[in-house]
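First the structure, in the form of structure tokens, and then the observations on it.
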Amino acid sequence: MAQTVILYGPPQRDLAKQLIIRAPRAAIVTIREAKRSEEQSAKFHAMCSELARSPVQWAGKRRSAAQWKLLLVSGHSVATKAETEIVPGLEGEFVNIRESTALMSKKRSSSLIDYTRAYGDLMGVRWTEPAEQEA
């Protein structure tokens with residue numbers, strides 16, 4: 001049976017140690033940063049929608065929220081020196097094999113939100129909700 005322990009402090013760390021000690025042979029243990037929150041996901045998607053509704057253009061035309069998402073995640077990856085890979089697509093187009101926002105850590109997602117806000121601020125976007133920091 002799979003168990004998840006969130007390491008908030010010493011009691012949870014002690015529990016994780018005990019689970020490892022009692023784990024069956026060949027068990028798999030994975031430790032990773034917590035993934036982004038639903039609030040972070042909703043905030044980023046709302047920001048992409050606001051950019052889509054704004055007069056801001058990219059490459060000479062207004063873009064949809066989905067297109068802004070692709071542009072922002074790609075730009076954020078380059079700006080933060082994360083791994084980026086542009087490959088030829090199946091029909092000769094170029095494709096950015098980008099990181100998944102669903103798999104981003106809370107810290108990485110917060111950075112993407114900050115990047116998006118900074119870009120929008122630079123472009124004169126009037127955000128509908130006040131700037132706030134994500135934990």
Give, for atom [atom1] of [X] and atom [atom2] of [Y], the distance between the pair rounded to the nearest 0.5 Å.
X	Y	atom1	atom2	result
Arg53	Ser49	CZ	OG	5.5 Å
Leu71	Lys69	CG	NZ	12.5 Å
Gln40	Ser105	CD	OG	8.0 Å
Glu39	Ile113	CD	CD1	10.0 Å
Ser54	Arg62	OG	CZ	6.5 Å

_Worked verdict on Ser41 versus His45 for side chain to side chain contact (heavy atoms under 4.5 Å, CB included)_ = CA-CA 6 Å; Ser41 176; His45 286 95; 3.5 Å; yes

Distance alone, cut at 3.5 Å: any donor-acceptor contact between the side chains of [X] and [Y]?
X	Y	result
Thr128	Glu50	yes
Thr101	Arg108	no
Glu99	Ser77	yes

*Check whether more than 12 heavy atoms from other residues, nucleotides or ligands sit under 6.0 Å from atom CD of Glu83, and answer yes or no.*
no

_Exceeds 12 heavy-atom contacts within 6.0 angstrom, atom CD1 of Ile97_ = yes

Would you mind reporting whether [Y] and [X] have side-chain heavy atoms less than 4.5 Å apart?
X	Y	result
Thr116	Phe44	yes
Lys43	Arg117	yes
Ile6	Gln12	no
Met104	Lys35	no
Trp127	Leu51	yes
Val29	Leu19	no
Val56	Trp68	yes
Thr84	Ser74	no

*Does Leu70 belong to the same Ile/Leu/Val/Met/Phe/Trp/Tyr cluster as Val95, with side-chain heavy atoms less than 4.5 Å apart forming each link?*
no

*asked:* Test of understanding: clusters of I, L, V, M, F, W, Y form through side-chain heavy atoms closer than 4.5 Å, transitively. Do Tyr115 and Leu103 belong to the same one?
replied: no

_For Ser37 versus Lys106, what's the shortest heavy-atom pair and its separation?_
N-CG, 4.2 Å

*So which heavy atom on Ala52 is nearest to which on Ala65, and how close?*
CB-N, 3.4 Å

*Lys107 vs Glu33, side chain to side chain contact (heavy atoms under 4.5 Å, CB included): CA-CA, chis, key distance, verdict*: CA-CA 9 Å; Lys107 182 178 178 182; Glu33 283 189 61; 4.1 Å; yes

_So, applying side chain to side chain contact (heavy atoms under 4.5 Å, CB included) with His76, which one of Thr80, Val73, Val78 is it?_
Thr80

*asked:* Using modelled atom types and a 3.5 Å cut-off, is there a donor and acceptor pairing between side-chain atoms of Glu93 and backbone atoms of Glu91?
replied: yes

